[in-house]
Amino acid sequence: MAEPLRRMVSAATYRLLQSRLEAWSKDYPFNTCDQNLNRCCELIELTSKVQGQLFSIFNLAASEGGLYSGAGTIKSRFLPWLGSSFTVLSSRLSSDTSTHSSLQKIKTIMCEVVERTTEDSLINNAASFR
């Protein structure tokens, strides 16, 4: 698992993102509307690539933990966010937006985790009543 994380660190993507943000901040007042929109699109694309890398690492980390390991963390961190944001965000995004795709991935993962842990709880509760 550490290899994808090491590659991400060595690629210095966050430093690149930060330097582009700083450069854009300095140029923003002097840019045309189209230039600012293009800069923003570039940063959104870069952010999307970073999210893709992070979700790959997330998926690897979750699979290394076994079937149910990490379920509590995933539920406590993503369920509140998905509950309040997913429906609002997904209604505003087109189907080809990478953020929409990332949110769909999170929702799918969360649904699987909730289903598994709910089934296990029911089985464990049923077994304890015997």
Side-chain angles (χ1 to χ4, degrees):
M1 194 318 262
E3 187 56 33
L5 183 56
R6 273 191 227 108
R7 280 195 310 262
M8 190 173 179
V9 169
S10 67
T13 309
Y14 280 105
R15 284 188 284 274
L16 176 62
L17 180 61
Q18 182 64 33
S19 67
R20 287 190 181 179
L21 277 168
E22 289 170 359
W24 183 30
S25 176
K26 291 175 187 171
D27 296 339
Y28 188 91
F30 309 107
N31 289 345
T32 65
C33 176
D34 285 337
Q35 289 172 321
N36 282 327
L37 290 175
N38 279 317
R39 284 280 185 97
C40 189
C41 287
E42 289 171 8
L43 291 169
I44 290 170
E45 290 166 359
L46 183 57
T47 302
S48 172
K49 289 177 185 177
V50 170
Q51 280 185 337
Q53 293 169 345
L54 289 171
F55 277 114
S56 295
I57 294 168
F58 181 87
N59 191 31
L60 284 170
S63 66
E64 287 176 348
L67 191 56
Y68 303 109
S69 184
T73 301
I74 293 170
K75 287 187 336 187
S76 68
R77 297 294 300 267
F78 284 117
L79 275 179
W81 181 62
L82 288 174
S84 63
S85 303
F86 184 76
T87 53
V88 173
L89 287 174
S90 64
S91 67
R92 294 182 186 165
L93 298 172
S94 64
S95 60
D96 62 347
T97 303
S98 59
T99 306
H100 179 74
S101 167
S102 297
L103 289 172
Q104 284 293 95
K105 288 177 189 175
I106 295 171
K107 184 179 180 187
T108 301
I109 291 168
M110 289 302 303
C111 288
E112 290 172 3
V113 168
V114 169
E115 286 174 12
R116 287 181 197 151
T117 55
T118 302
E119 287 173 7
D120 280 355
S121 307
L122 292 172
I123 291 169
N124 290 337
N125 287 340
S128 67
F129 286 118
R130 292 182 188 167

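Sequential numbering from 1 along the given sequence is applied to the chain's residues.
- Put simply, the side chain of S48 never gets that close to the backbone of I44: no donor and acceptor are under 3.5 Å apart.
- Q18 meets the side chain to side chain donor-acceptor pair (under 3.5 Å) test with E22; sequence neighbours excluded.
- Atom-to-atom distance recorded for I57:CD1 and R7:CZ is 8.5 Å, nearest 0.5 angstrom.
- To the nearest 0.5 Å, atom CG of residue L16 and atom CG of residue L46 are 5.5 Å apart.
- Contact of the L54 side chain with the M8 side chain is registered, since non-hydrogen atoms from C-beta on lie closer than 4.5 Å.
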Set out, in order, the CA-CA distance, both residues' side-chain angles and the distance that settles side chain to side chain contact (heavy atoms under 4.5 Å, CB included) for T13 and K49, then state yes or no. CA-CA 9 Å; T13 309; K49 289 177 185 177; 6.0 Å; no
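- Residues forming a side chain to side chain donor-acceptor pair (under 3.5 Å) with N59 (at least two apart in sequence, or on another chain): none.
- Rounding to the nearest 0.5 angstrom, the gap separating the OG atom in S19 from the OH atom in Y14 is 14.0 Å.
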Tell me which donor-acceptor pairs under 3.5 Å the side chains of residues 27-37 have, and how far apart each pair is, sequence neighbours excluded?
from, atom 1, to, atom 2, distance (Å)
D27, OD2, R39, NH2, 3.3
N31, ND2, N36, OD1, 3.0
T32, OG1, Q35, N, 3.1
T32, OG1, Q35, OE1, 3.4
Q35, OE1, T32, N, 2.7
N36, OD1, W24, NE1, 2.8
N36, ND2, Y28, O, 3.3

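- Within the model, atoms CD of E45 and OG1 of T47 stand 10.0 Å from one another, a figure rounded to the nearest 0.5 Å.
- Nearest heavy-atom pair across L43 and L21 is CD1-CD2, 3.6 Å.
- Once rounded to the nearest 0.5 Å, the distance linking CZ of R20 with SG of C40 reads 13.0 Å.
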